[in-house]
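Structure record follows, encoded as structure tokens.
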Amino acid sequence: MEVFDRAERLSREELDAVQLVRLRSAVERARRSPHYARALAGVTPDSIRTLADVRRLPLTTKQDLRDNYPYGLLTEPVDRMVRLHASSGTTGNPTVIFYTQNDVDTWAGLMARCMHMAGVRPGDRFQNMSGYGLFTGGLGFHYGSERLGCLTIPAGAGNTARQIKLITDMGVTVLHIIPSYALYFAGALEQMGIDPADKARWPVRVAMIGAEPHTEEVRRKIEEMLHLRAFNSYGLSEMNGPGVAFECPHQCGMHVWEDAFLVEIVDPETLEPVPDGEVGEIVMTTLTREGMPILRYRTRDLSRFVPGPCACGRVHRRLDRIKGRADDMIIIKGVNIYPMQIEQVLMAMPEVGENYLIVLEKEGFIDQIRVKVEIRQEHFVEDMRVLSGLQKRIQTRLRDELLVTPRVDLVQSDSLPKSQGKAQRVLDERGEG
Ligand code: AMP
Ligand code: ZN
């Protein structure tokens, strides 16, 4: 196994040992911050004798970060910090994360490891199409790519024509792109008359996609449309940003860098650990961060550990594709629905185009769900019978998956709103009460 960092080769026993030592020092450091000095309430590094003792530590929520805004989780004076990022505010106000120089360096190393694992090498030309600024996806990938030794193009988000020109002029081989944008991007390439199978014009071989939930169907679609391999990338600002978990060439779950993060999967209601391999909320502890360690952070993201060893040889455990956020659950007529279930059904249908929107509405006192679906140009025909047949088919498949019958509107391709950053998949028009 060719690795970027020796830590990728650690055995289970070695990883466990590293985690225990680092967990104890994380507690030691965290105690220096005003928040954890209170929240740890007498728990010390000596309280941690085995990894299972992590459960003696308090959980940390987004609300804790807000309550302690801006400096309450810092272990050292703010003048020792060299960087600040903020969460993209997937829900509510942003939260702010600080990094020391060591934290920035460690993060770059983790990112370089991820890119290397996906087959990126020095000499590759990397175009970072994620937003820069406070969002971690810009500078996170940027520093990782430079550390790895790639030509790094900070293209940022948007301006599709310029992106395509840069890619073709510079012979870009690797992209970082948000999945919803990647789907749209493929259409734009077609319009500009570029065939992604023509490797002389389109030398891109690898795309790193992440930052928002997406299904396996969307990944396959991106791979086919853009003629490349797409690797799932998971991270969150509270855990640095990207570089937390990443797919290896086997594309069967994302290896979490367990020398840097301790992951638990808990039942979001009881907060008890779920049986191995079952879905629950990801809870994470930073093991190496010095400026702003975070203990047992409740990510609200739902996933599970993929059981068994990975064929690549790394023993760092794998997180399954994120099923969605605990906060994303929609309840319609008493039935729990996750947007990703809808995406999975839609994207498996060849007539469906690149975008969709879930609208929640009220009819009298009853909540209803409406799904607006973009249909590919060639299927958007004049014949009403054909269209209404397709509409019925989509509706039936959705009903079979969701157990409630949504309304389905077929719309022309490119007609639904696109976002420059993370896609907004659900529009709630139910109003108050
Ligand atoms: P932020 O801290 O603003 O970058 O947002 C982090 C959140 O984005 C995570 O908690 C997830 O909900 C979501 N996210 C990031 N990467 C992925 C991914 N690969 N798949 C699904 N959701 C993701
Ligand atoms: Zn692997």
Side-chain angles (χ1 to χ4, degrees), residues 1-3 8-9 61-62 65 84-97 107 111 113-114 116-119 130-141 157 176-180 182 207-216 218-219 222 230-258 261 263 281-284 294 297-303 305-329 338-340 343 419 421-425:
M1 174 175 52
E2 197 190 333
V3 297
E8 292 173 63
R9 284 212 185 90
T61 62
K62 204 161 196 104
L65 299 189
L84 173 158
H85 280 289
S87 86
S88 53
T90 317
T91 46
N93 294 322
T95 40
V96 186
I97 307 296
W107 182 20
M111 264 321 310
R113 234 198 251 186
C114 292
H116 183 275
M117 179 165 64
S130 98
Y132 273 67
L134 289 176
F135 174 54
T136 52
L139 292 181
F141 269 90
H176 174 221
I177 182 167
I178 288 188
S180 49
M208 295 170 286
I209 58 172
E212 66 185 8
H214 59 286
T215 53
E216 184 63 29
V218 159
R219 182 245 290 278
I222 291 170
F231 295 90
N232 195 358
S233 151
Y234 172 72
L236 57 160
S237 337
E238 292 81 355
M239 299 287 124
N240 295 339
V244 174
F246 217 86
E247 278 182 332
C248 71
H250 296 276
Q251 295 182 317
C252 49
M254 301 174 284
H255 290 284
V256 184
W257 299 127
E258 292 191 83
F261 304 99
V263 182
E281 178 176 344
I282 304 171
V283 169
M284 284 203 173
I294 300 187
Y297 183 67
R298 289 193 63 181
T299 64
R300 308 301 284 147
D301 293 326
L302 302 172
S303 182
F305 280 126
V306 178
C310 183
C312 76
R314 292 176 186 81
V315 301
H316 296 258
R317 279 182 293 180
R318 286 164 297 156
L319 282 175
D320 205 350
R321 186 174 289 289
I322 308 294
K323 309 253 175 283
R325 294 176 57 81
D327 321 314
D328 286 346
M329 193 174 72
Y338 285 100
M340 282 305 107
E343 178 174 303
S419 94
K422 305 193 185 206
Q424 181 93 41
R425 296 300 193 191

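Predicted model, so just to flag it, every value in this text is computed and none were measured. As the structure lists them, so they are numbered: ligands from 1, and atoms in each ligand from 1.
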Legend entry - Straight-line distance of Tyr338 OH to Leu302 CG, nearest 0.5 Å: 5.0 Å
Inset, instruction - Could you list the atoms of ligand 1 found under 4.0 angstrom from a heavy atom of Gly210? - result: 19 (N)
Legend entry - Under-4.0 Å heavy-atom contact with ligand 1, by part of Ala211 that carries it: backbone
Legend entry - Polar atom proximity, Ser87 to ligand 1 (N or O, under 3.5 Å): no
Legend entry - Numbered atoms of ligand 1 (with element) below 4.0 Å of Ser233, judged on heavy atoms: 16 (N), 17 (C), 18 (C), 19 (N)
Inset, instruction - Quickly, which of Met254, Glu247, Met239 forms a side-chain contact (heavy atoms from CB on, under 4.5 Å) with Tyr234? Name it, please. - result: Met254
Legend entry - Whether Ser233 side chain and Phe246 backbone form a donor-acceptor pair below 3.5 Å: no
Inset, instruction - Answer yes or no: is there a donor N or O on one side and an acceptor on the other, between the side chain of Arg318 and the main chain of Cys252, under 3.5 Å? - result: yes
Inset, instruction - Evaluate whether atom CD of Glu216 has more than 12 neighbouring non-hydrogen atoms of other residues, nucleotides or ligands under 6.0 angstrom away. - result: yes
Inset, instruction - Give the contacting part of Ile209 toward ligand 1: side chain, backbone, both or neither, where contact means a heavy-atom distance below 4.0 Å. - result: neither
Inset, instruction - Could you label the plane-to-plane angle of the His316 and Trp257 rings as parallel, tilted or perpendicular, counting under 30° as parallel and over 60° as perpendicular? - result: perpendicular
Inset, instruction - Report yes if some N/O of Lys422 lies less than 3.5 Å from some N/O of ligand 1; otherwise report no. - result: yes
Inset, instruction - Within a distance under 4.0 Å of any heavy atom of Gly235, pick out the atoms of ligand 1 and give their elements. - result: 6 (C), 9 (C), 15 (C), 16 (N)
Legend entry - Close-contact set for ligand 1 against Arg325 heavy atoms, below 4.0 Å: 10 (O), 12 (O)
Inset, instruction - Considering non-hydrogen atoms only, spot the tightest contact between Gly241 and Thr136 and give its length. - result: CA-OG1, 3.4 Å
Legend entry - Test salt bridge (charged side-chain N to carboxylate O under 4.0 Å, His left out) applied to Glu343 - qualifying residues, sequence neighbours left out: none
Inset, instruction - Check each of Arg321, Lys323, Lys62, Arg325 against Asp301 using the salt bridge (charged side-chain N to carboxylate O under 4.0 Å, His left out) test, and report the only one that passes. - result: Arg325
Inset, instruction - May I ask you to list the atoms of ligand 1 that are less than 4.0 angstrom from any heavy atom of Phe135? - result: 4 (O)
Legend entry - Option nearest atom 11 (C) of ligand 1 (shortest heavy-atom distance, choices Leu319, Asp301, Leu302): Asp301
Legend entry - Atoms of ligand 1 close to Glu212 [distance to a heavy atom under 4.0 angstrom, numbered from 1]: 14 (N), 17 (C), 18 (C), 20 (N), 21 (C), 22 (N), 23 (C)
Inset, instruction - Using side-chain hydrogen bond (donor to acceptor under 3.5 Å, both in side chains) as the criterion, point out the one residue from His250, Glu8, His255 that pairs with Arg314. - result: Glu8
Inset, instruction - May I ask you to identify, for Leu236, whether its side chain, its backbone, both or neither come under 4.0 Å of ligand 1 on a heavy-atom basis? - result: both
Legend entry - Nitrogen or oxygen atoms of His214 and ligand 1 under 3.5 Å apart: no
Legend entry - With the Zn ion (ligand 2) as the apex, the NE2/SG angle for His255 and Cys312 - to 10°: 100°
Legend entry - Residue Cys310, metal the Zn ion (ligand 2), N/O/S under 2.8 Å: yes
